[in-house]
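So the structure is just underneath, and the comments pick up after that.
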There are 2 protein chains.
Amino acid sequence: MKKKTTIHDISKALKINSSTVSRALNNSPRVSQKTKDLIQKKAVELGYQKNILASNLRTNKTNTIGIIVPRISRNFFSSVISGIEETAYRAGYNVVIGQSLESLEREQELVSTLLSNRVDGLLISVSMGTTNYNHLSNFKTNGGPIVFFDRPMTMPNIPSITIDDYEASYNATQHLIENGCKNIVHFSGFQKIELYKRRMQGYVAALTDNNIPVRPEYILESQLSEADGIELAKKVISLPKVDGIYSSNDTAAISAMQYFKKNGLKIPDDIAIVGFNNDSISAVIEPGLTTVNQPDVEMGIIASSLLIELIKKTIESPSEHSKTLGTELIIRQSSQKS
Amino acid sequence: MKKKTTIHDISKALKINSSTVSRALNNSPRVSQKTKDLIQKKAVELGYQKNILASNLRTNKTNTIGIIVPRISRNFFSSVISGIEETAYRAGYNVVIGQSLESLEREQELVSTLLSNRVDGLLISVSMGTTNYNHLSNFKTNGGPIVFFDRPMTMPNIPSITIDDYEASYNATQHLIENGCKNIVHFSGFQKIELYKRRMQGYVAALTDNNIPVRPEYILESQLSEADGIELAKKVISLPKVDGIYSSNDTAAISAMQYFKKNGLKIPDDIAIVGFNNDSISAVIEPGLTTVNQPDVEMGIIASSLLIELIKKTIESPSEHSKTLGTELIIRQSSQKS
DNA sequence: CTGTTAGCGCGTTCAC
DNA sequence: GTGAACGCGCTAACAG
């Protein structure tokens, strides 16, 4: 690794002061086009490459945005990240990524390292374990802007990009009901998470509006992991006459379906899933499966666009910038019940 | 954003030289425990937080590793990334990610920005368009170590973590043959990529070893995208008596299967897929589907462990460090042909 | 063990 | 429009 050429090298070579070189290279209007060209040329000639570390130190900015998600390999998140990276790339930002693995502790550590690494902003989908936001407000005051996505937190002045969970949930449940289901189990998630709370509310509202009693034993709360899916499937079997499932997430639902299949058990006639990632699991074309697709890539694009905007001009009241994206109810040859 | 406290602040407050403070905070053995404690305490008291940017500039290291993949949202890659992040996190490294979108140009730019951002090492799965490795050898000489994964390049002294594509491919094809298939189409990828070349070779070898003629019109090369899958499906239909498909990748194969289903067409009796990501698409349990599962997360773990090792002690002949991971042939209730 | 000195490479004052 | 000088915060090198 040979020594890099610095602005001083081209400063010496040209007998022009290094500050002028710096200005020229940053295309400052205070340098004449003539010397700019001269410097530009010499820079190329010497194979100059700006040392961003030094620049970062001086300006205290890094042109980098941090992302924290519960787990990168989850389809939904990897799609969001893909969208984020794409727009960040275009705007000249790098992305550094961390996964909380649904642990508050780990999330705190990640936020802390991102903070000390001076990322310019943070995109985060909080972990299931996140019950307080001290680490986040700390980032906000000492670091930069934050934008929530998918899983919002109730936190003042921080925008969030989400889908309308209530509506999506309501629609999915309503669809099952219209299809003749009367005993609908709900796979739900940790209720401290806004998202799952809202989805539960949508489910309950749909039942209520259709004069179907809400039975607590039909609401199964879990972490919605693959392993949980199997447990959920077992519970469903133990319940009498379940004819429909509405799941708050795809992983658990699919895992449950697999369990039914594998063991030759009867699968409920109709199943609806919110938060289904169509792109990656598109092979699953089951009759009687309804999915509410989330605009995953789009969510990434919008979230990072907003964040970058916030970074550039520290906007005063960003609370207005929250956005709710539409979803798409997709019905797969759903067998109309008699 | 108020002014941060620096080592000089605690240097002044304690009347201890700032270098000693620095050493103490870095837990250097050359500082007495007594003064360490003193400094530690004061640091906490003043709310000191190390400015990593300054440290990075001075040491010319960033404790960050770069990852470049064709597309983040692809299941296989997101799983690998997940594994990478996990081990990097444990080793105290950050990860920054870029996606090449199968474009050489973009890959070059990404490598360049990672280089100027002084990442300590690079993990890369090259894009389909990558036909030369100037940008990579440039990174190697001016940046740090590189480790290839999944898609190796023939490049001197750079280790790569891959599966045994030849063997995996041979086994998959052999399995189809044993199941009675005689007219096996191969969905293949861009032949400049080692991976696809090797898989093609495995396919050819299996046929040859079984005295089945290799027919060029049965080898369908494409980019293996979802859209390509449909084109491939159409081609399969136009071919006489295809009774098996061996695909080099899941996306195209699944897309093709969907096309068959959607249009009520006959699906070849047996299908084998290499590079299938079981975790994410586990819902697809089709009889007559054989998949060769790749150890995706494990690949990430191994690749990043190796890279970090290389970063720490610039090992002299890393070419020996290439590693081939085992795969797992998974047969789904494959209907034995009569 | 601790202090002194001298940068890392760049951006940004201020002068002129 | 350009130059001189300084500082961002930290650490390496050399003293002692």
Side-chain angles (χ1 to χ4, degrees), chain A residues 1-40 42-43 46-64 113 115-118 120 142-143, chain B residues 1-40 42-43 46-64 113 115-120 142-144:
Chain A
M1 210 189 307
K2 56 190 173 188
K3 55 206 174 301
K4 306 269 203 311
T5 66
T6 76
I7 51 172
H8 298 295
D9 295 328
I10 74 182
S11 159
K12 267 177 230 157
L14 254 41
K15 295 186 187 303
I16 295 178
N17 191 287
S18 57
S19 38
T20 307
V21 175
S22 171
R23 283 191 280 257
L25 260 22
N26 285 332
N27 203 21
S28 158
R30 292 175 35 188
V31 180
S32 74
Q33 191 57 47
K34 211 181 108 197
T35 52
K36 260 185 199 170
D37 291 340
L38 202 64
I39 290 170
Q40 204 65 263
K42 201 70 183 178
L46 297 180
Y48 169 78
Q49 245 202 328
K50 165 172 172 171
N51 184 335
I52 294 185
L53 299 189
S55 176
N56 286 349
L57 171 60
R58 196 69 179 82
T59 59
N60 207 32
K61 290 188 73 271
T62 54
N63 263 12
T64 299
T113 59
L115 183 59
S116 39
N117 274 88
R118 301 288 195 278
D120 297 339
N142 299 310
Chain B
M1 213 188 310
K2 57 192 173 187
K3 56 206 172 303
K4 306 267 202 310
T5 65
T6 77
I7 50 172
H8 297 295
D9 295 328
I10 76 183
S11 160
K12 265 177 231 156
L14 254 40
K15 293 188 187 304
I16 296 179
N17 192 285
S18 57
S19 350
T20 306
V21 175
S22 172
R23 283 192 280 256
L25 261 22
N26 286 331
N27 202 21
S28 159
R30 295 172 34 188
V31 179
S32 75
Q33 192 57 46
K34 210 183 104 195
T35 53
K36 260 186 201 171
D37 291 341
L38 202 66
I39 290 170
Q40 205 65 264
K42 200 71 182 176
L46 297 180
Y48 169 78
Q49 244 202 328
K50 168 172 171 171
N51 184 336
I52 294 185
L53 300 188
S55 174
N56 287 347
L57 171 60
R58 191 61 234 251
T59 60
N60 209 32
K61 290 187 75 269
T62 53
N63 263 13
T64 299
T113 59
L115 183 58
S116 38
N117 274 88
R118 300 292 194 276
V119 295
D120 296 338
N142 299 310

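Every chain is numbered from 1, with letters handed out A, B, ... down the list of sequences.
- Close approach of DNA chain C to chain A, defined as any atom under 4.0 Å from a non-hydrogen atom of the protein, starts and stops at C/dG9 to C/dC14.
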What are the atom names and distances for every N/O pair under 3.5 Å that joins the protein to nucleotides 14-16 of chain D?
unit_1 : atom_1 : unit_2  : atom_2 : d
D/dC14 : N4     : B/Arg30 : NH2    : 3.4

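- Using a 4.0 Å heavy-atom criterion, one finds that A/Asn26 contacts the sugar-phosphate atoms exclusively.
- Not one N or O on the side chain of B/Asp37 forms a donor-acceptor pair closer than 3.5 Å with the backbone of B/Lys34.
- Partners of B/Thr35 under the side-chain contact (heavy atoms from CB on, under 4.5 Å) rule, at least two apart in sequence or in another chain, are B/Val31, B/Ser32.
- Summarising the geometry, the separation between CG on B/Leu25 and P on D/dG9 is reported as 15 Å, rounded to the nearest angstrom.
- Whole-Å rounding puts the A/Leu14 CG to D/dT2 C1' distance at 13 Å.
- The separation between B/Asn63 atom CG and D/dC10 atom P is 16 Å, rounded to whole Å.
- Mapping A/Val31 and B/Arg58 onto DNA chain D by nearest heavy atom places A/Val31 at the nucleotide closer to the 5' end.
- Each of D/dC10, D/dA4, D/dT11 was ranked by its minimum atom distance to the side chain of A/Asn17; first place goes to D/dA4.
- Checking B/Ser28 against B/Asn26 by side-chain atom types alone, no donor-acceptor pair falls below 3.5 Å.
- One atom, CG of B/Leu57, and another, C1' of D/dC8, lie 9 Å apart when rounded to the nearest Å.
- Whole-Å rounding puts the B/Asn60 CG to D/dA12 C1' distance at 13 Å.
- Of the possible donor and acceptor atoms, none in the side chain of B/Asn117 sits under 3.5 Å from a partner among the backbone N and O of B/Val119.
- Note: CG (A/Asn56) to C1' (D/dC8) measures 12 Å, nearest angstrom.
- Looking at heavy-atom distances under 4.0 Å, B/Thr35 makes contact with sugar-phosphate atoms alone, never a base.
- B/Asp120 and B/Asn63 get closest at one heavy-atom pair: OD2-N, 2.7 Å.
- Judged by distance alone with a 3.5 Å cut-off, no donor-acceptor contact links the side chain of B/Thr59 to the base of D/dA12.
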Quick one: do A/Thr6 and A/Asn51 satisfy side-chain contact (heavy atoms from CB on, under 4.5 Å)? Show the steps, please.
-> CA-CA 8 Å; A/Thr6 76; A/Asn51 184 335; over 6 Å; no

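- Contacts of A/Ile16 with the nucleic acid, taken as non-hydrogen atoms under 4.0 Å apart, involve only primed sugar atoms and P, OP1 or OP2.
- Rounded to a whole Å, the CD atom of B/Gln49 is 15 Å from the C1' atom of D/dC10.
- When each of B/Ile16, B/Thr5, B/Leu14 is checked for a side chain to side chain contact (heavy atoms under 4.5 Å, CB included) with B/Lys42, only B/Leu14 meets the rule.
- Residue B/Ser22 places at least one side-chain N or O closer than 4.0 Å to OP1 or OP2 of D/dT11.
- A side-chain donor-acceptor contact under 3.5 Å links B/Thr62 to the backbone of B/Arg118.
- Within 4.0 Å (heavy atoms only), A/Ser19 reaches at least one base atom of the nucleic acid.
- Here A/Ser32 lies in heavy-atom contact (under 4.0 Å) with sugar-phosphate atoms only.
- Here the P atom of nucleotide D/dG9 and the CG atom of B/Leu46 are 15 Å apart, to the nearest Å.
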